[in-house]
Every structure is written in structure tokens, then in C-alpha cells.
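Letters A, B, ... are given to chains in the order of the sequence lines, protein chains preceding strands, and every chain is numbered from 1. Owing to the predicted nature of the structure, the values given are computational and were not obtained by experimental measurement.
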2 protein chains.
Amino acid sequence: MSDSQNHKALAPRRHDEILRRLAADGSVGITELAAFFDVSRETIRRDMKFLAERGQLDLVHGGATLFEATEPALTLRSQENAGGKASIGRAAAALVEDGMVVFLDSGTTTLAVAHALTGKQNLTICTTSLTIALHMCRQPHVRVHMLGGEIDPSEEAAVGIDALDAISRFRIDVAFLGAGALSPDGEITDFTRNGAEQRSRMAATAARAYFVLDSSKFGRLTPLRIQRFELAAGIIVDAPPPAAMVEALERKGPKVIVGE
Amino acid sequence: MSDSQNHKALAPRRHDEILRRLAADGSVGITELAAFFDVSRETIRRDMKFLAERGQLDLVHGGATLFEATEPALTLRSQENAGGKASIGRAAAALVEDGMVVFLDSGTTTLAVAHALTGKQNLTICTTSLTIALHMCRQPHVRVHMLGGEIDPSEEAAVGIDALDAISRFRIDVAFLGAGALSPDGEITDFTRNGAEQRSRMAATAARAYFVLDSSKFGRLTPLRIQRFELAAGIIVDAPPPAAMVEALERKGPKVIVGE
DNA sequence: GCCGCATGCCACATATTGCAACATCTGCTT
DNA sequence: AAGCAGATGTTGCAATATGTGGCATGCGGC
């Protein structure tokens with residue numbers, strides 16, 4: 001406020017401060033900012049409109065919030081594209097026979113696989129996901145092994161060195177793994193170092209490994225390549241990916257299985 | 001958590017906070033939220049109605065609960081003697097300071113302890129219980145380690161050799177352990193071999209260990225004595241056990257703490 | 001002087017909120 | 001089982017806050 005009458009570029013100053021407050025608090029109010037800058041509310045509204053058009057914030061009644069502020073909670077994510085996930089689940093379940101040892105990765109798509117496994121007899125389930133463990137241990141004729149470790153709150157699953165360590169003790173018949181994306185050149189990639197490492201090991205360890213990917217993940221780019229993903233038996237999807245991706249992937253090894 | 005005071009929160013901010021609390025606690029109360037945001041209860045009701053129409057929560061009398069696409073986890077309110085367990089939880093939480101490493105055994109009474117720990121800062125929670133891990137990993141400022149192993153469906157918790165093995169890797173400040181019974185002659189006993197062994201190790205390993213026992217377990221007889229239970233710092237109960245039991249127990253070492 | 005632009009002011013439309021009155025529900029006592 | 005007290009849900013309405021568009025003003029640059 002000491003810099004009052006510098007008439008040059010007042011608007012950018014306000015824009016900066018608005019974005020700064022937004023980053024700090026998650027939301028800002030119009031009246032509050034108008035008082036702070038000692039300008040009319042219309043002016044702040046025009047500032048916000050300008051910033052909103054550039055995608056830097058979301059307008060809401062009374063102010064603005066961070067653009068794409070919060071990742072939806074896990075319970076909500078599982079409801080997105082529920083139909084597609086269910087079809088992936090059914091296709092995955094068809095690959096499982098009574099008595100097998102099955103690894104289920106964390107993620108909402110693998111949770112759909114878990115649901116689709118209802119009715120199989122005598123399975124042994126191995127998982128890092130708290131939600132999957134809880135669900136499967138309530139099923140009859142299923143033995144569940146929870147791989148321990150530090151819990152990642154955003155996944156509600158075990159990650160880290162303990163989980164990596166535990167994986168190597170098991171002999172897995174079939175593994176269903178999540179992933180961050182199927183890249184345009186037919187590689188399977190992930191968001192985090194730990195996740196990529198864990199999935200890499202499973203792909204190499206399990207007798208057969210499948211990545212489950214819903215169609216929202218086609219062509220996206222995430223930072224980490226999952227090493228040795230080409231050892232996987234296939235990927236299971238809810239809709240056919242672009243032909244170029246299919247060709248690039250299958251040339252490396254994994255087959256594409258389209259649910260339903 | 002730091003926000004809320006100076007200005008009334010924008011509607012989306014309230015929505016976020018409502019969903020956040022819902023994910024963390026499983027349910028939220030209207031009056032409680034109205035006080036937190038300093039708005040009328042009608043406003044909160046309108047917020048909840050909006051969220052309910054979008055399928056993000058379930059309205060119930062007095063508040064809202066998680067939208068249940070799947071079966072409900074075993075919740076506190078569905079259990080008997082909820083009041084007694086809550087008082088045990090409060091007494092246990094009073095023994096926990098910010099920053100501690102806390103072990104929580106499986107069981108509904110220890111789940112009550114977990115609920116009572118809400119608000120502590122910087123805890124590290126170590127548990128074998130899927131439900132407790134899921135609940136605690138939704139709390140801010142809490143790190144959760146899940147001890148892996150085979151899942152016992154009736155406990156919804158890890159048991160067996162892997163869990164036993166994992167216990168020894170941790171340095172625990174305070175452990176809260178369940179048990180099957182407090183026998184008439186002041187011994188703490190259990191139902192299963194695995195459970196007794198696990199609790200025995202924890203009692204010996206943790207800097208301080210407490211058994212949490214609601215009054216329905218006084219004077220019962222279960223088959224397995226928990227070895228070295230007398231190394232525990234105490235037992236936490238919701239009502240005073242018969243004087244003879246208290247005397248017999250305290251002569252061996254553990255103190256009796258009555259909640260509330 | 002004239003133009004462009006940011007700003008403020010006004011009038012009116014819309015949205016949000018709180019209040020009050022009344023209907024229900026819940027838990028507890030009798 | 002009945003009934004009561006307190007808490008909670010519902011609804012209509014009024015007050016206030018906010019959004020929108022038009023227009024005037026002032027300032028700096030040409």
C-alpha cells in the first residue's frame with residue numbers, strides 16, 4: 001500500500017495480488033479485494049473476468065476460486081466413468097480362474113476389477129489398496145494378503161520400500177495394475193517414482209500382468225515410464241485406443257483387450 | 001483448517017470443506033458446520049442439498065454421510081456400547097502427544113481410540129487394522145503405516161507371520177491393544193494364538209502399552225493368556241472392574257485407567 | 001482537441017442468506 | 001405404549017449481497 005500513486009500498470013499489480021492470495025487461501029472475495037485495493041467492485045470483477053478468460057481462476061458467486069482447485073475425493077473418482085470401469089472389470093474377471101493368486105494394484109479401476117471378481121472360488125488376493133483389501137476380505141472363499149507399508153493418502157494404498165519388498169515374496173498368477181497413461185507412442189507411464197517402480201516389478205514378476213486403463217488415459221503424458229511394461233501380457237481398456245497407439249503397443253508385446 | 005474466521009466463506013469453499021470433512025470422518029453435522037462457517041443452518045442445508053443432488057453425499061437427519069456405493073465399513077455408531085468406547089477413546093487420546101508414534105491394534109475399541117485422536121498433529125500411526133488405516137490416512141498431519149500380512153476377515157486386520165515380523169521394525173511410543181477378556185484373576189487373555197502373540201510382542205516392544213477393554217469383557221474367560229501382558233503400562237476401561245480384579249492386575253504391574 | 005482506456009457510478013436483474021412460523025423427527029421419561 | 005421436550009427439516013418471504021450492462025468521467029498519449 002505504500003506504492004500508492006504509481007499509475008503505471010496498476011491492473012497487473014492487482015492481478016498479481018489476486019493470484020497470490022488465491023494460491024495462499026484457495027479462494028478470494030470480491031468485496032474484500034475491492035476494499036483492499038480501494039477500488040470499486042466492478043473493477044475487481046473486470047480483473048477476475050480477465051484472469052478467468054485466461055484460465056487462471058474460476059469465477060464463483062462472490063469471488064473466485066482456484067481453477068480446477070481440488071482433485072475429487074477418491075469416493076467420487078470411483079463414480080466417474082463407472083460404466084467403462086465395470087466393463088474393464090468384467091473383462092479382467094474373465095481372465096481369472098478359481099484358485100488363482102491375483103494381485104490387485106491400487107486405483108479405482110482395479111477396484112472395479114475387485115468387484116467383478118465376486119463369485120470366484122478360492123482366490124488368493126494380494127493388494128496394496130486398503131479399500132480393495134477391505135472389500136475382498138468380506139467375500140467368502142477368498143484369502144487376502146495386504147502388502148504393508150506407508151500409506152499414500154491420495155491413493156489410500158501402501159507405497160514405498162516395505163510394499164516393494166513384500167511384492168517379491170509372492171508368486172502371482174495374474175496381476176492387474178493401474179497406470180497413469182497410455183502415451184501416444186504406445187508406452188505405459190505413471191505419475192510417481194514409487195508407483196512406476198512398483199508396477200514395473202509386478203509386470204516382471206507375475207506370471208501374467210495386465211494394465212487396466214480407462215479411455216480417459218489415452219494419449220496423455222505423465223512423467224515416468226514404467227520400465228519393462230512390455231513384459232505385461234496385455235492392457236484392458238473400455239474403448240479402443242487410436243489405431244496408432246494400439247499398433248505401437250502391440251509391436252512391443254502387450255495385447256489390447258477391449259471390455260464388453 | 002486455518003481459514004474460516006475473518007470472512008464468510010464462499011459457497012464452493014464450504015462445499016469443499018464439507019466434502020473434506022466427510023471423507024475424513026464419514027459424517028458431518030449441520031449445526032457443527034453452521035457454527036464453523038458462521039452461517040445459518042439453512043445455508044448449510046442448502047449446500048448439502050446441492051451436493052446431494054450431485055450424488056456427492058447422502059442426507060441424513062442432522063447432517064450428511066458418505067454416499068454409499070458399497071457396503072458401509074464397520075462404523076462406531078453401529079456398535080454397541082458406543083458411549084463407553086468413546087470414553088475409553090478420550091482417555092486414551094489424553095495419553096498421546098503431538099509427534100508420537102502410535103500403534104493401534106484392530107478392534108472396535110481401538111477404532112474408537114483412532115477417532116478420538118482427531119486433531120493431534122504430526123502423529124505416525126502404525127496399525128494392522130484396515131479400517132483404522134483407512135480412517136487415519138484421511139486425517140491431515142498424520143502418517144500411516146499399515147502392517148501387512150494375511151487378513152483375518154472377522155477382524156478386518158492383518159495377522160500372521162508377516163504382521164509379527166513387521167512389528168519389530170518400529171519404535172513405538174505408545175501402543176493401544178485390544179484383548180479378549182480381563183479374567184477374574186487379573187490376567188489379560190485372548191481368543192486366538194496369533195492375536196495373543198501379536199499383543200504380547202507389542203506389550204513388550206512399545207515404550208508404553210495400554211490394553212483397551214470395555215466393561216463387557218470383565219470376568220470373561222478366553223483360552224489364551226497374553227504372555228508378558230504385565231509389561232503393559234495399564235489398561236483403559238469405561239467402568240471400574242470388580243475390586244478383586246483391579247487388585248490382582250495392579251499387583252502384577254499395569255494400572256487401571258477409567259475413562260470419563 | 002481527440003481518442004483509447006481504465007475506472008466509477010447507476011439502475012436493474014439475479015442470487016444468496018437469514019428469519020420466522022410451522023411440520024417432523026428423535027430420544028427419553030412415564 | 002404414550003407423550004413430551006428439544007432438535008431438526010421445510011417453506012415462504014424479505015433483506016442484503018452480488019452480477020450485468022450502459023454510460024459518464026478523468027487521464028495520458030497522439
Side-chain angles (χ1 to χ4, degrees), chain A residues 1 3-19 21-22 25-67 69, chain B residues 3-19 21-22 25-67 75-87 260:
Chain A
M1 23 175 148
D3 51 29
S4 49
Q5 300 325 15
N6 186 350
H7 278 278
K8 267 192 182 157
L10 274 185
R13 275 169 189 273
R14 289 199 307 270
H15 295 171
D16 284 351
E17 176 70 11
I18 289 171
L19 293 175
R21 288 192 175 210
L22 205 50
D25 301 339
S27 67
V28 285
I30 285 189
T31 304
E32 158 200 347
L33 286 168
F36 177 80
F37 291 118
D38 193 26
V39 296
S40 69
R41 293 173 307 144
E42 288 88 336
T43 299
I44 300 295
R45 249 179 234 117
R46 286 168 185 136
D47 288 340
M48 286 186 170
K49 192 178 170 193
F50 172 82
L51 293 168
E53 280 165 1
R54 301 184 27 169
Q56 307 203 17
L57 47 75
D58 258 351
L59 292 178
V60 298
H61 193 91
T65 63
L66 281 176
F67 186 75
Chain B
D3 50 52
S4 84
Q5 265 40 330
N6 281 342
H7 279 283
K8 289 188 178 179
L10 270 30
R13 193 129 183 88
R14 291 198 308 266
H15 296 169
D16 281 352
E17 176 70 13
I18 290 171
L19 292 176
R21 289 188 173 211
L22 207 50
D25 302 339
S27 66
V28 285
I30 286 189
T31 304
E32 156 201 349
L33 286 167
F36 179 79
F37 289 119
D38 191 27
V39 296
S40 69
R41 292 172 316 170
E42 287 90 332
T43 300
I44 300 295
R45 261 184 223 111
R46 282 180 260 232
D47 288 340
M48 287 185 169
K49 190 179 169 195
F50 172 84
L51 293 168
E53 280 166 0
R54 299 184 23 164
Q56 307 201 359
L57 48 75
D58 261 350
L59 293 177
V60 297
H61 194 88
T65 64
L66 280 177
F67 184 81
T75 61
L76 272 187
R77 65 180 99 272
S78 69
Q79 301 301 316
E80 47 196 62
N81 195 13
K85 284 173 177 163
S87 78
E260 191 86 327

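Within the structure, a side-chain polar atom (N or O) of B:T43 is placed less than 4.0 Å from OP1 or OP2 of C:dG18.
Between C:dC9, D:dT11, D:dG9, one nucleotide has an atom nearer to the side chain of B:R45 than all others, and that is D:dG9. With C:dC10, D:dT18, C:dT26 as the choices, the nucleotide that has an atom nearest any side-chain atom of A:T31 turns out to be D:dT18. Here the nucleotide nearest the side chain of B:R14, chosen from C:dT17, C:dA15, C:dG8, is C:dT17.
Residue A:G62 comes nearest to B:L10 through the heavy atom pair O-CD1, 4.1 Å, listed as atom of the first residue, atom of the second, then distance.
One interatomic measurement links the two molecules: CG of A:L33 to P of D:dG19, which rounds to 12 Å at whole-angstrom precision. In this structure, A:R46 places its CZ atom 8 Å from C1' of C:dA6, rounding to the nearest Å. Rounding to whole angstrom units, CD1 of residue B:I44 and P of D:dT10 are separated by 15 Å. Across the protein-nucleic acid pair, B:H61 atom NE2 and C:dC25 atom P stand 9 Å apart, rounded to whole Å. For the pair A:F50 CZ and C:dT7 C1', the interatomic distance rounds to 16 Å; values are reported in whole Å. As rounded to whole Å, 13 Å separates atom P of C:dT7 from atom CZ of A:R13. The nearest whole Å value for the distance from the CG atom in B:L10 to the P atom in C:dT16 is 11 Å. Distance B:L59 CG to D:dT8 P: 15 Å, rounded to the nearest Å.
The pair B:E17-B:R21 meets the salt-bridge criterion, since a charged nitrogen lies less than 4.0 angstrom from a carboxylate oxygen.
The shortest distance between side-chain heavy atoms of A:I18 and A:L57 falls below 4.5 Å.
For the pair B:D47 and B:E42, nearest-nucleotide mapping onto DNA chain C gives the more 5' position to B:D47.
Under the side chain to side chain contact (heavy atoms under 4.5 Å, CB included) test applied with A:M48, the options A:V60, A:L59, A:D58, A:L22 reduce to a single match, A:L59.
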